[in-house]
2 protein chains.
Amino acid sequence: MARVSQTAERRSEFLPILAAAFAELGYRRATTAELAARCRVRENVLYRLWPDKKAMFIATIRFVYEHSVEIWRRVLDEEDGQASAAQRLLQYEARHVGEFGLYRIVFAGLSETDDEDIRDALADMYRRYQKFFADHVRDHRHGAGGPDAGLVAWAVIGLGTVASITRELGLVSDRQRARLLREVGAELLETSGGT
Amino acid sequence: MARVSQTAERRSEFLPILAAAFAELGYRRATTAELAARCRVRENVLYRLWPDKKAMFIATIRFVYEHSVEIWRRVLDEEDGQASAAQRLLQYEARHVGEFGLYRIVFAGLSETDDEDIRDALADMYRRYQKFFADHVRDHRHGAGGPDAGLVAWAVIGLGTVASITRELGLVSDRQRARLLREVGAELLETSGGT
DNA sequence: TCGTTCTGTAAGTGTTCACTTACATTATGC
DNA sequence: GCATAATGTAAGTGAACACTTACAGAACGA
């Protein structure tokens, strides 16, 4: 034997760079030449780490999910007696939504959904997000009535999505976007169950 | 002079076909060869109607907006003494959201937002949608308090977006998706203004 | 009927891209 | 120190794509 493989380390070294590139350029425009240049290696180095470009993209989707969940966990670990976890997540997003270009990667993926592998990776990511929020919504209400917490979680994801879109397209001011997430988000959490 | 030009008619003849193609394939995968084949003409025929592929896409975005607004107007014209216009729109979407692949075109556009023209076309489209809904939200409440109707309109758009995503990725059943739009949508309309 | 313009067909063209191959260099276990 | 496998450099390849050009036929006003 000679020289132990650094494959795993290199993968996690490059993933944030790939994520930034896919977020900035979208799937098609992020050419393998561009990805390699940003990683400061040649293309074939990337091809030793992943079988093809699609695999790089799917790995990026997973990375982005884990990255943002990690950030959220850190936010939740900060002590704050007043607000529930769900409220704190909304407040955090009110200030930082769209910051890391997560949604640009998701949009890129959503226009590639005729590819089964990409669709599966996205579906998996959304399921995890929804479960994450739904748990916190249920916790926020601890047992009280209201519409299905799962549905509210989807609505919160929708709120984050539209917030990112308005940011991306310059449709509303930062101030208004923060209000959107805080005020409408609070309403979603507080609703006492209609129909 | 000889032979009068049919340019305008042909454009509107092809637009629904282009819309279907972009919705099904996304921007990059909808190659000009594929677009032409679906229109049953050669590529250069399309290039006589629009200067380039981007112009075809932007024309499609506008078409899709006008198409869905026309449908909504028809829904609103049907008499229904009970429900407000906003409620009827939500009920309609609960049954038909994502049906025409509108959001796939939007997603395709959102991953091309580094192109100024595409970004502008999308921004314009969103502004119109938001105004359309905001007017109906205000009307629904006729003067009563609550969070800014403009913000609620954005939230409704978010709800429609996430509904389309869950449909696209097969994440929730049709039944649950209808509940999401009807129940959570109703909550958004009814909120009496928090903070 | 003639001339002009619209409309259709067919075959390029230059570029870009995902992915590959060939080979030189370097680190490390034995 | 030497064999071995990891790592780096450089060039290339075949396919796909946006867009073009050249030309033939068809409609229609004069």
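Numbers restart at 1 for each chain; the letters A, B, ... are given by sequence-line order, proteins then strands. Predicted, not measured: the structure shown is a model, and the values here were computed from it.
Taking atom CZ of residue A:R42 and atom C1' of nucleotide C:dT25, one finds them 15 Å apart after rounding to whole Å. Nucleotide D:dA18 holds its C1' atom 16 Å from the CG atom of B:L25, rounded to whole Å. Rounding to whole angstrom units, CE of residue B:M56 and C1' of D:dC17 are separated by 13 Å. Rounded to whole Å, atom P of D:dA6 lies 12 Å from atom CG of A:L49. At whole-Å resolution of the value, CD in A:E34 and P in C:dC19 are 16 Å apart. Rounded to a whole Å, the CZ atom of A:R11 is 15 Å from the C1' atom of D:dT7. Atom CG of A:D115 and atom P of C:dA18 are 14 Å apart (whole Å). As rounded to whole Å, 11 Å separates atom P of C:dA10 from atom CG of B:N44.
Contact annotation: B:R10 reaches the phosphate of C:dG8 (side-chain N/O to OP1 or OP2, under 4.0 Å). Using a 4.0 Å cut-off, no side-chain N or O of A:R28 falls inside it from OP1 or OP2 of C:dC17.
One donor-acceptor pair, N or O on each side, does fall under 3.5 Å between the base of D:dG8 and the side chain of A:R48.
In this structure, the nucleotide among C:dT20, D:dA18, C:dC19 sitting nearest to the side chain of B:E43 is D:dA18. Between C:dT9, D:dA18, D:dT9, one nucleotide has an atom nearer to the side chain of A:V45 than all others, and that is D:dT9.
Among the atoms of the strands shown, base atoms are found under 4.0 Å from some heavy atom of A:T32. At a threshold of 4.0 angstrom between heavy atoms, the contacts of B:D52 are confined to the sugar-phosphate backbone, with no base atom among them.
Each of A:R29 and A:P51 was assigned the nucleotide of DNA chain C with the nearest heavy atom; the assignment lying further toward the 5' end belongs to A:R29.
Residues A:D124 and A:R128 are paired through a salt bridge, judged by an N-O separation under 4.0 Å between the basic side chain and the carboxylate.
Looking at A:R104, A:R29, A:R38 one by one, the single match for salt bridge (charged side-chain N to carboxylate O under 4.0 Å, His left out) with A:E24 turns out to be A:R38. Partner of B:F132 under the ring pair (Phe, Tyr, Trp, His ring centres under 6.0 Å) criterion, chosen from B:Y65, B:W72, B:Y126: B:W72.
A:S111 and B:S111 form a side-chain donor-acceptor contact under 3.5 Å, judged by distance and modelled atom types alone.
Separation of atoms OG1 (A:T166) and CZ (A:R177) is listed at 4.5 Å; rounding is to 0.5 Å.
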